[in-house]
Amino acid sequence: MITAPDLVVAVGPALFEVVVRGRGDDEVRDVFLADPQEAATGQPGDLVLGLGLRDSEEAVELLERCAAGNASGVVLRVALARDPLVVATAERWLITLIALQPSVTWAHVVWLLRGVIDRAAAPDSPVAGDAGVHQELFALADAAAAIVDAPVTIEDNQSRVLAYSSGQDLTDPTRVSTIVGRRVPAEVIAHFRARGIFRRLARSSEPFLVPNGPNGIRPRLVVPVRAGGEWLGSIWAVVDGPVSDEVTAELSNAASVLALHLLRLRAQADVARRSAIDRLRTVLRQFSPDTTVDVRLPPPPWRVVALGSPSGYDVPQQLDLWESTGRRHGWSEPQLADLDGTVLAVVTDADGPGSWRWLRRLTVDLAKDAPGTTAAAGGRARGPADLPSSRAEAIELLGLVRRGTAPGPALRVEQAWHLLTVHRAVTSLDTTKLDGPLATLLRHDIEHDTDFVDTLQAWLNYPGQPQQAAKQLHLHPNTLRHRMKRIGEIATLDLSDPRERLALQLQIAAVRTEH
């Protein structure tokens, strides 16, 4: 399922902007082209595109008809979408209103949106996936190569190769390495960065020539690919020297077409990611024999790991941060989802990227430079039915690590079973209804400004070791013995009974947790 606001997030701000969110939860299943001369305005599940509207009155009429037909949303050109009368109408009828930038044709909008909607409807289908877009990118690369009469690569804004033309054997070793490795080599990126190439790509839409460089790097004509001011990628052509203005202009036109393909590719990838996260959430939240497990997990056993990030990141940012970090360190398919405000990972119990051992080492390394980076692993899950309980343990353990009750930055439940046991017992106690000797000592401490509860806690922490207990309190052992004698006079207790000692320790821990 994908909603109209989800579509805007998937495509990005380069083309669309949500002006009025409306109900925001209506599924989009198709795109409907509205004709102002006809009464039809689609049906539930349609995202209506307002073509040929001349003024705000026609836009208002379209919105009212779409609201009556329960359409999922309306897309208008930005000038109409921001008209106060149009905005007020959308708000009154609670219909999602989306503004379309003027730089793209309606035909391209239909192509772009239908590709994303198809991917959302069948995220695992190769037909609805991004294979078709990749094929079109290779065709665009060949078309660009024909324009400039030189071998071409199409790269995203992370210097990853998305497509390339034929004739690459006529280039240089750097281009060959780029295609084989599917990204520009690190030393070449460093060379281009030092020359300010990427700064220029990020700021300008104008094509420019990069002169030859070390190690046989031949000149390149670079054409930035942008949409709505956003830098999406670039076209790189290996040329012999300056290129005519006519060729440069044609390549710029090709770049505008390419921008829509890159937007669609990104949007489809985002939809597929959202779908995978939703499916993983379902399995982690609750499992029943009727649950369909359509998550691509590695072979069991697994562990669910609750992940923490440095302060300042919200949950979506934490999810993005852990995903990019995992991929950068070799985890090709991170199994990550956010659930109830916590980022969760499903890892294997083996070794290598995507395992608990690997994630533990990574967390320890990251925490050296980014305090607050934590990972708490629940117990083994030998099948899908065990995942929810492993998740609950991981979240509980992460809370102890964050509070400093359990050691971090990376911990698994088997190493902290005693801490979890005490935590569960302590949190089940109602400190407003304490009874027994501890309640008496607490009242005495408040009324007489004494420290008998602290004294008793130290005595219980070091059974049979009065010197150690006294050292913790910075007292002489004789002073400690005197205080313990006074405690026995104030409250009735039997410290020779192990159950009474345990009960007192749990009550004290509960009081200390409250404060």
Side-chain angles (χ1 to χ4, degrees), residues 12 14 130 133-227 230-243 248 251-252 254-259 261-266 269 320 323-332 353:
D130 56 7
V133 181
H134 277 296
Q135 291 174 357
E136 292 166 355
L137 288 178
F138 276 90
L140 278 171
D142 281 330
I147 293 172
V148 73
D149 192 23
V152 161
T153 58
I154 295 173
E155 301 171 13
D156 65 9
N157 56 12
Q158 301 296 317
S159 296
R160 292 175 297 213
V161 177
L162 302 177
Y164 51 88
S165 68
S166 57
Q168 299 295 332
D169 54 328
L170 304 176
T171 59
D172 52 38
T174 294
R175 170 58 64 82
V176 174
S177 298
T178 296
I179 292 175
V180 171
R182 302 293 292 180
R183 68 176 301 123
V184 180
E187 62 274 13
V188 180
I189 291 177
H191 165 68
F192 288 146
R193 181 172 288 115
R195 302 196 65 145
I197 304 303
F198 295 110
R199 284 196 302 273
R200 189 166 179 178
L201 279 169
R203 297 172 181 173
S204 172
S205 301
E206 297 299 321
F208 58 93
L209 185 70
V210 178
N212 55 9
N215 301 320
I217 297 178
R218 292 173 57 188
R220 268 108 165 117
L221 177 65
V222 185
V223 183
V225 178
R226 312 180 78 83
E230 180 184 2
W231 175 40
L232 302 173
S234 50
I235 300 171
W236 293 68
V238 176
V239 294
D240 293 322
V243 177
T248 301
L251 278 179
S252 296
S256 64
V257 177
L258 175 59
H261 286 72
L262 296 187
L263 282 172
R264 183 175 181 180
L265 188 64
R266 184 178 69 180
D320 291 342
E323 180 174 357
S324 61
T325 300
R327 290 186 186 278
R328 191 166 63 249
H329 288 83
W331 196 4
S332 58

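Quick note: numbers below take in every heavy atom, side chains included, and nothing from hydrogens, waters or symmetry partners. Just so you know, residue 1 is the first one in the sequence shown, and it goes up from there.
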- Set of ring-ring contact (aromatic ring centres under 6.0 Å, His included) partners for W331, sequence neighbours left out: W358
- Can you find a heavy atom in the side chain of L262 that is under 4.5 Å from one in the side chain of L162? yes
- Query: For the atom pair CH2 (W236) and CD1 (I154), what is the distance rounded to the nearest 0.5 Å?
  - Reply: 13.5 Å
- Determine whether N157 and V225 make a side-chain contact, defined as any pair of heavy atoms from C-beta on separated by less than 4.5 Å. no
- Item | Pairs where residues 194-210 contributes a residue and the test salt bridge (Lys or Arg N to Asp or Glu O under 4.0 Å) is met, not counting sequence neighbours | none
- Task: Mind running side-chain contact (heavy atoms from CB on, under 4.5 Å) on L137 and L258 for me, showing each step along the way?
- Result: CA-CA 7 Å; L137 288 178; L258 175 59; 3.3 Å; yes
- In Å, rounded to the nearest 0.5 Å, how long is the span from CG of L251 to OG of S256? 11.0 Å
- Note on the structure: In short, ring-ring contact (aromatic ring centres under 6.0 Å, His included) pairs touching residues 154-174 with sequence neighbours left out are F138-Y164
- According to the salt bridge (Lys or Arg N to Asp or Glu O under 4.0 Å) rule, which pairs have a member within residues 208-221, sequence neighbours left out? D172-R220, R218-D240
- Item | Minimum heavy-atom distance P151-G167, with the two atoms named | CG-O, 3.2 Å
- Pairwise salt bridge (Lys or Arg N to Asp or Glu O under 4.0 Å) hits with a residue in residues 142-162, at least two apart: D156-R160
- Message: In terms of relative ring orientation, are F192 and F198 parallel, tilted or perpendicular, with 30° and 60° separating the classes?
- Response: perpendicular
- Item | Non-hydrogen side-chain atoms of E187 and H191 separated by less than 4.5 Å | no
- Query: To the nearest 0.5 Å, how far apart are OG1 in T174 and CD1 in I217?
  - Reply: 4.0 Å
- Item | Partners passing salt bridge (charged side-chain N to carboxylate O under 4.0 Å, His left out) against E230 (at least two apart in sequence or in another chain) | R266
- Message: Which heavy atom of A227 sits nearest to which heavy atom of A259, and what is that distance?
- Response: CB-CB, 4.1 Å
- Message: Applying side-chain contact (heavy atoms from CB on, under 4.5 Å) to I235 and L140, what does each step give before you reach the verdict?
- Response: CA-CA 10 Å; I235 300 171; L140 278 171; over 6 Å; no
- Taking every non-hydrogen atom, the tightest pair across V148 and A237: CG1-CB, 3.9 Å
- Nearest heavy-atom contact between A254 and I147 is CB-CD1, 4.5 Å
- Item | S159 versus I189, closest heavy-atom pair with distance | CB-CD1, 3.9 Å
- Query: Would you say S252 and P207 make side-chain contact, with heavy atoms under 4.5 Å?
  - Reply: yes
